[in-house]
Participant: 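Mind looking over this structure? Questions follow.
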Protein chains: 4
Amino acid sequence: MARTLTETARRAQIVQAAIEVIAVEGYAKASFARIAKQAGLSSTGMISYHFAGKEDLLHEVVGEVLRVSGEYIVPRIEAHTGARDRLRAFIVANVELATVYPQHLLALVEVLNVLGDDPQGQFAQSQRAVMEAQVQVVRAAQAAGEFGEFDARVLVTAIRGAVDAVLTRAVKDPELDLATAARELAELFDRAVRPAN
Amino acid sequence: MARTLTETARRAQIVQAAIEVIAVEGYAKASFARIAKQAGLSSTGMISYHFAGKEDLLHEVVGEVLRVSGEYIVPRIEAHTGARDRLRAFIVANVELATVYPQHLLALVEVLNVLGDDPQGQFAQSQRAVMEAQVQVVRAAQAAGEFGEFDARVLVTAIRGAVDAVLTRAVKDPELDLATAARELAELFDRAVRPAN
Amino acid sequence: MARTLTETARRAQIVQAAIEVIAVEGYAKASFARIAKQAGLSSTGMISYHFAGKEDLLHEVVGEVLRVSGEYIVPRIEAHTGARDRLRAFIVANVELATVYPQHLLALVEVLNVLGDDPQGQFAQSQRAVMEAQVQVVRAAQAAGEFGEFDARVLVTAIRGAVDAVLTRAVKDPELDLATAARELAELFDRAVRPAN
Amino acid sequence: MARTLTETARRAQIVQAAIEVIAVEGYAKASFARIAKQAGLSSTGMISYHFAGKEDLLHEVVGEVLRVSGEYIVPRIEAHTGARDRLRAFIVANVELATVYPQHLLALVEVLNVLGDDPQGQFAQSQRAVMEAQVQVVRAAQAAGEFGEFDARVLVTAIRGAVDAVLTRAVKDPELDLATAARELAELFDRAVRPAN
DNA sequence: AATGAATGAGGATTCATTCAT
DNA sequence: CATGAATGAATCCTCATTCAT
């Protein structure tokens with residue numbers, strides 16, 4: 001459990017390399033060999049030495065992305081009070097995150113696309129936990145009259161999918177300006193959730 | 001070019017098996033060996049015999065899904081005239097498609113997630129072509145005053161992502177009723193696109 | 001044994017296709033699939049149907065080339081009487097054969113290079129038989145004082161190798177004129193064999 | 001670039017095994033499986049681990065043979081000064097090389113027979129470069145009056161082919177004494193190149 | 001006489017992982 | 001701590017051949 005400084009640094013370096021490879025070349029190409037090359041390591045043995053297995057590495061990748069994302073997104077949500085402002089802030093922060101860390105969310109999407117398949121896996125479970133929490137928040141806003149009436153579960157799922165899609169597209173298509181896309185997507189969902197008249 | 005009856009049947013059988021494997025176990029597990037097993041074939045050589053390569057098979061998978069989807073979705077859109085009705089019909093038909101072919105769209109999403117990465121690949125290109133056409137339709141509706149003002153590109157991307165996400169979720173989570181989710185998602189985006197009164 | 005007309009024609013067609021493939025793309029690429037394509041056949045089954053196996057086909061290829069070569073070369077040798085004239089005629093005819101059948105000897109060289117390896121094989125044996133006959137002719141010429149003193153076996157081997165090399169080179173290198181090369185090679189060996197004055 | 005001791009040793013071992021297999025069983029049989037067996041390795045993966053691919057291995061094979069041949073042949077040529085003596089030494093050294101390394105030149109011939117087919121490949125190109133250099137040497141000797149008049153290109157090609165043929169034959173046919181064959185071949189070409197009267 | 005479908009062994013290569021140093 | 005060597009299973013694919021029609 002207790003990790004030395006070098007150990008921690010090495011792990012971070014490898015995780016960073018993994019994120020880069022996954023984001024740029026896709027999960028399928030993210031072999032240990034490719035990651036080692038990206039990290040400037042001479043052998044894949046290094047990776048196996050520091051991580052229990054591929055799953056362990058990917059788990060760390062997901063953790064790192066979630067940590068970084070949380071650090072960026074949470075304060076931006078908490079800067080607002082109303083549910084609609086918070087939702088807008090959530091969406092904008094998500095998309096804008098790609099400006100600061102262009103690869104983190106892409107890597108996350110790739111990994112979860114592949115490893116989220118097994119419903120019993122820990123990835124799927126933690127994903128579901130996050131969504132469930134968001135569903136509760138939405139329902140509270142509905143109860144408070146801040147949001148209209150609709151299926152909270154569908155909304156949360158739709159936002160997740162829409163954000164990922166815009167992100168993926170925005171990163172690869174330079175025509176789509178990130179800031180504009182963020183604002184547009186936020187407004188789009190704001191219109192969708194606000195109470196009737 | 002001219003294909004035998006047996007040939008056509010075998011190809012269809014293999015494509016079907018591929019769709020099943022990809023949808024259920026994910027693209028990563030969709031090896032020739034796994035697909036052959038699913039199809040009840042004794043060797044992977046059979047697949048190589050009938051398809052020029054893995055790319056050829058996946059191309060066929062995508063084609064088959066698009067064909068089936070088109071047959072289901074297009075008439076349901078054309079049954080309506082107004083842009084908002086048509087958009088609702090589009091979304092509902094997309095999600096409901098999972099009732100009839102629970103695996104087709106899942107397989108499509110998996111394949112395009114992996115193979116859509118190369119921006120020069122034909123998958124990415126045809127994907128972009130479809131989206132561009134949809135963008136044009138949306139812009140026409142905006143010009144006609146049927147939709148409000150927003151970035152059409154972002155809307156189209158968001159809908160695609162949201163539909164995929166709801167589909168993926170709905171298929172794996174029996175709690176989410178497909179018909180309800182379809183209607184909810186359609187209403188959600190209807191609120192998002194309708195003109196300000 | 002008794003072959004129908006169609007059967008004979010088909011075999012000839014396949015042998016011809018095999019010669020073309022072997023000469024142009026090399027023995028390694030001469031798979032049944034490639035040969036069938038060259039012959040305009042839709043399946044490799046055809047080849048297996050008409051030939052007992054790959055060896056059978058190659059045997060036929062060698063036989064065809066030897067037959068055609070003999071028809072061209074033998075009369076050109078017999079048009080002369082002296083041993084030195086005959087040797088010159090032999091070499092010139094060999095090289096010039098590539099003008100009429102550019103691929104036949106190339107194919108022969110490729111096949112014998114690969115299948116002549118097994119010393120017990122029939123290819124190696126018939127090759128040795130031909131050489132032995134040529135050695136006898138040379139020795140007779142030496143006994144008659146038409147050729148000088150040297151190891152007949154080495155001469156025959158050297159001529160075979162030199163002719164093949166010039167042929168291979170001439171076919172691929174358009175700079176080397178076949179007629180010139182033929183004459184030059186003939187003169188070269190004539191100088192090598194003539195008796196010391 | 002920088003290679004370990006073990007790495008270098010393993011590569012050498014594999015190259016040696018490849019030479020043996022190619023020389024004895026022919027290029028066609030020289031699969032990784034066969035080479036691994038010859039080298040006493042348990043898996044073909046080992047070979048792929050140490051070499052970038054089959055081409056890499058064969059390149060190394062050719063390089064090794066050329067290196068060994070050069071070390072043997074060059075000093076034996078340089079021990080003489082006149083062009084005719086040097087040519088004789090060149091031929092004798094080539095053939096005698098088979099006494100010391102019976103398999104090296106055989107392997108080289110096999111590999112170049114197959115891979116020299118592609119005129120753009122590096123094998124064909126370096127082969128052509130060597131020949132061109134030899135052609136220049138021959139022309140210089142002609143200009144100096146040491147050799148008679150003839151097409152230098154044809155001579156060089158013929159010598160190469162004759163040497164290869166004698167080598168191939170001598171190795172397989174124990175009747176042909178290598179030393180005798182070497183001397184005979186050298187004398188043969190000496191008669192062919194010496195100036196008239 | 002011919003065909004196309006099927007087979008299974010064998011091809012090179014990549015993979016994550018283990019282990020001795 | 002780190003490394004490079006080794007492993008063997010798994011990847012897609014091609015091969016010559018067989019067989020039912």
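Convention: sequence-line order gives letters A, B, ...; per-chain numbering from 1.
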Participant: Would you kindly give the CD-to-C1' distance between C/Glu55 and F/dA16, to the nearest whole Å?
Facilitator: 13 Å
Participant: For DNA chain E, which nucleotides open and close the run of contacts to chain D, 5' to 3', at under 4.0 angstrom from a non-hydrogen atom?
Facilitator: E/dG11 to E/dT14
Participant: What residues form a salt bridge (Lys or Arg N to Asp or Glu O under 4.0 Å) with C/Arg11, not counting sequence neighbours?
Facilitator: C/Glu60
Participant: Within residues 8-27 of chain D, which residues have any heavy atom lying less than 4.0 Å from an atom of DNA chain F?
Facilitator: D/Arg10
Participant: Are there any protein N/O atoms within less than 3.5 Å of an N/O atom in nucleotides 9-12 of chain F, and if so, which ones and at what distance?
Facilitator:
residue, atom, partner, partner atom, Å
F/dT11, OP1, B/Ser31, OG, 3.1
F/dC12, OP1, B/Phe32, N, 3.3
F/dC12, OP1, B/Lys54, NZ, 2.7
F/dC12, OP2, B/Phe32, N, 3.0

Participant: What's the shortest heavy-atom distance between A/Ser43 and A/Ala36, and which atoms?
Facilitator: O-CB, 3.9 Å
Participant: Taking all non-hydrogen atoms of both residues into account, name the closest pair between C/Val61 and C/Ala18 and its distance.
Facilitator: CG2-CB, 3.8 Å
Participant: Kindly compute the distance separating OG1 (A/Thr6) from CD (A/Gln13), expressed to the nearest 0.5 Å.
Facilitator: 11.5 Å
Participant: Would you please name every residue forming a side chain to side chain contact (heavy atoms under 4.5 Å, CB included) with B/Ala33, sequence neighbours left out?
Facilitator: B/Ser31, B/Thr44
Participant: Wobble G-U and Watson-Crick pairs count when both distances are under 3.5 Å; given that, what is the 5' to 3' dot-bracket string of DNA chain F, with | for pairing to other strands?
Facilitator: .||||||||||||||||||||
Participant: Please table the atom pairs, donor to acceptor, closer than 3.5 Å between any side-chain atom in residues 101-116 of chain C and protein atoms at least two apart or in another chain.
Facilitator:
residue, atom, partner, partner atom, Å
C/Glu110, OE1, C/Tyr27, N, 3.0
C/Asn113, ND2, C/Val109, O, 3.4

Participant: Could you pick out which residue, D/Ser42 or C/Met46, lies toward the 5' side of DNA chain F when each is mapped onto its nearest nucleotide?
Facilitator: D/Ser42
Participant: With sequence neighbours excluded, tell me which residues meet salt bridge (Lys or Arg N to Asp or Glu O under 4.0 Å) with B/Glu7.
Facilitator: B/Arg3
Participant: Might you point out which heavy atoms bring A/Ser48 and A/Phe32 nearest each other, and give the distance in Å?
Facilitator: OG-CE2, 3.6 Å
Participant: For a quick test of reading the model: is some side-chain N or O of A/His50 closer than 4.0 Å to OP1 or OP2 of F/dC1?
Facilitator: no
Participant: Please identify each residue that fulfils ring pair (Phe, Tyr, Trp, His ring centres under 6.0 Å) with A/Phe51, with sequence neighbours left out.
Facilitator: none
Participant: Using a cut-off of 4.0 Å on non-hydrogen atoms, how would the nucleic acid contact of B/Glu7 be classed: base, sugar-phosphate, or nothing?
Facilitator: sugar-phosphate
Participant: Sequence neighbours excluded, which residues qualify as side-chain hydrogen bond (donor to acceptor under 3.5 Å, both in side chains) partners of A/Glu20?
Facilitator: A/Gln16, A/Gln38
Participant: Can you name the residues that form a salt bridge (Lys or Arg N to Asp or Glu O under 4.0 Å) with B/Glu64, not counting sequence neighbours?
Facilitator: B/Arg67
Participant: Between D/Ala52 and A/Ala52, who's closer to the 5' end of DNA chain E by nearest nucleotide?
Facilitator: D/Ala52
Participant: Search all heavy atoms of C/Met46 against all heavy atoms of C/Ile14 and return the closest pair with its distance.
Facilitator: O-CD1, 4.5 Å
Participant: What pairs with C/Arg34 under salt bridge (Lys or Arg N to Asp or Glu O under 4.0 Å), at least two apart in sequence or on another chain?
Facilitator: C/Glu25
Participant: F/dG4 P sits how many Å from A/Tyr49 OH, rounded?
Facilitator: 14 Å
